[in-house]
Amino acid sequence: MAAKRRYWLMKSEPDVYSIDDLQRDGSTSWEGVRNYQARNFMRDDMREGDLVLFYHSNTKPPGVVGLARVCSSAHPDETAFDANSPYYDAKATSENPIWQLVDVQFISKFPHPVGREDLKADSALEGMLVLKKGMRLSVQPVEPHHFERVVELGNPRGKN
DNA sequence: GCCAACGTTGGC
DNA sequence: GCCAACGTTGGC
């Protein structure tokens, strides 16, 4: 039986890497995650084909701006080996790279970005992880019904 | 710019 | 193993 597709949310600061950057690049390695829980999601739980809500954080307004797809299995984050990278980690070695990532591929930019305020205002999204106070995981799972609802909000019918 | 919440580090 | 101090995240 095929593995069930999972849904995720990945945060990026648009000043660092935005949905437009992903659209331009087509796909990218999700570099720089230096949190074990977030790494574990990428390393242990993500599968090729999983769908991702692309979230802009630390910007005005924060929110989900588009969709992406996981397009690789986990592999070492090479930036950990690069002494000139902001993501350098002296403890990372080729035997034990410590940090791993997946590649993600651009799917779409929402015609209607779903701001954090919109997410909070929608009763169907109650309990969504990203809305929890103090939640700062940059890679986090999303429940299927939450995922579908956000996609609806981002692609409104009968508008535009 | 502020600051609450969180994760990590390191002394003990 | 505890926990205070510190650095970071990220909404506001």
Side-chain angles (χ1 to χ4, degrees), chain A residues 6-25 28-46 50-68 70 74-104 106-143 145-156:
Chain A
R6 298 183 188 183
Y7 299 92
W8 304 95
L9 180 146
M10 296 171 92
K11 295 181 190 173
S12 186
E13 302 190 16
D15 289 348
V16 178
Y17 197 87
S18 71
I19 187 78
D20 293 317
D21 293 323
L22 184 62
Q23 180 165 32
R24 179 199 63 215
D25 295 344
T28 194
S29 291
W30 203 260
E31 296 173 342
V33 170
R34 294 294 178 268
N35 169 284
Y36 288 103
Q37 208 180 343
R39 178 206 65 182
N40 292 348
F41 282 132
M42 290 197 288
R43 188 189 63 185
D44 304 334
D45 299 324
M46 281 189 174
D50 285 358
L51 297 179
V52 176
L53 299 174
F54 195 110
Y55 182 94
H56 278 175
S57 66
N58 207 12
T59 188
K60 282 184 184 178
V64 179
V65 292
L67 289 181
V70 176
H75 55 99
D77 182 344
E78 305 284 339
T79 63
F81 306 135
D82 177 2
N84 293 319
S85 166
Y87 306 128
Y88 178 63
D89 182 345
K91 294 198 285 290
T93 64
S94 49
E95 292 74 30
N96 179 20
I98 305 181
W99 303 110
Q100 298 201 49
L101 50 69
V102 297
D103 297 351
V104 302
F106 178 80
I107 294 179
S108 67
K109 187 172 163 179
F110 283 159
H112 183 279
V114 188
R116 188 176 180 81
E117 280 308 312
D118 304 326
L119 296 171
K120 280 202 246 179
D122 196 294
S123 60
L125 297 177
E126 214 176 315
M128 195 177 174
L129 225 44
V130 74
L131 298 178
K132 295 225 166 98
K133 187 176 171 181
M135 163 53 65
R136 31 182 244 191
L137 254 190
S138 63
V139 177
Q140 55 184 263
V142 174
E143 292 177 35
H145 69 283
H146 286 159
F147 183 92
E148 281 173 21
R149 180 60 182 151
V150 174
V151 172
E152 275 177 22
L153 294 173
N155 298 294

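Just so it is clear, the values below take in all heavy atoms, side chains as well, and ignore hydrogens, waters and symmetry mates. Chain A is the first sequence line, chain B the second, and so forth, proteins listed ahead of strands; every chain is numbered from 1.
For the segment residues 125-134 of chain A, the set of residues with a heavy atom within less than 4.0 Å of an atom of DNA chain B comprises A:K133, A:G134, in numerical order. Of the residues in residues 9-16 of chain A, those lying under 4.0 Å from DNA chain C by heavy-atom distance are A:K11.
Legend: residues meeting side chain to side chain donor-acceptor pair (under 3.5 Å) with A:Y7, ordered by chain and number and at least two apart, are absent. Residues satisfying the side chain to side chain donor-acceptor pair (under 3.5 Å) test with A:E13, not counting sequence neighbours, are A:N58. When the side chain to side chain donor-acceptor pair (under 3.5 Å) test is applied to A:D118, no partner is found at least two apart in sequence or on another chain.
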Apply ring-ring contact (aromatic ring centres under 6.0 Å, His included) to A:W30 and A:Y87, showing your working. CA-CA 12 Å; A:W30 203 260; A:Y87 306 128; over 10 Å; no

Start with the C-alpha distance between A:D122 and A:R149, add both sets of side-chain angles, then the distance that settles salt bridge (charged side-chain N to carboxylate O under 4.0 Å, His left out), and finish with yes or no. CA-CA 9 Å; A:D122 196 294; A:R149 180 60 182 151; 2.7 Å; yes

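Among the candidates A:Q37, A:K11, A:M46, A:R39, the single residue satisfying the side-chain contact (heavy atoms from CB on, under 4.5 Å) test with A:V139 is A:M46. Exactly one of A:V114, A:V142, A:L119 qualifies for a side-chain contact (heavy atoms from CB on, under 4.5 Å) with A:L125. That residue is A:L119. For the side-chain contact (heavy atoms from CB on, under 4.5 Å) criterion with A:S18, the lone passing option out of A:D20, A:V16, A:L22 is A:D20. For the side-chain contact (heavy atoms from CB on, under 4.5 Å) criterion with A:L51, the lone passing option out of A:V104, A:I107, A:V70, A:L67 is A:I107.
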Give every pair of a protein N or O atom and an N or O atom of nucleotides 2-6 of chain C that lie under 3.5 Å apart, one pair per line with the distance.
none

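For the pair A:H56 NE2 and C:dT9 C1', the interatomic distance rounds to 17 Å; values are reported in whole Å. Going from atom OH of A:Y55 over to atom P of C:dG10 covers 9 Å, rounded to whole Å. Atom OH in A:Y87 sits about 13 Å away from atom C1' in C:dT9, given to the nearest Å. Put simply, CG on A:D118 is 15 Å from C1' on C:dG11, counting in whole angstrom units. Rounding to whole angstrom units, CE of residue A:M135 and P of C:dG11 are separated by 12 Å. Distance, A:R136 CZ to C:dT8 C1': 6 Å, rounded to whole Å.
Each of A:K91 and A:N58 has a nearest nucleotide on DNA chain B; the 5'-most of these lies closest to A:N58.
Using modelled atom types, no side-chain atom of A:D82 and backbone atom of A:T79 make a donor-acceptor pair closer than 3.5 Å.
Salt-bridge formation is detected for the pair A:D45/A:R6: a Lys NZ or Arg NE/NH1/NH2 atom is positioned less than 4.0 Å from an Asp or Glu carboxylate oxygen.
Taking only side-chain nitrogens and oxygens, A:R116 comes nearer than 4.0 Å to OP1 or OP2 of C:dC12.
With distances taken from any side-chain atom of A:S57 to the nucleotides C:dC12, C:dG10, B:dT8, the minimum falls on C:dG10.
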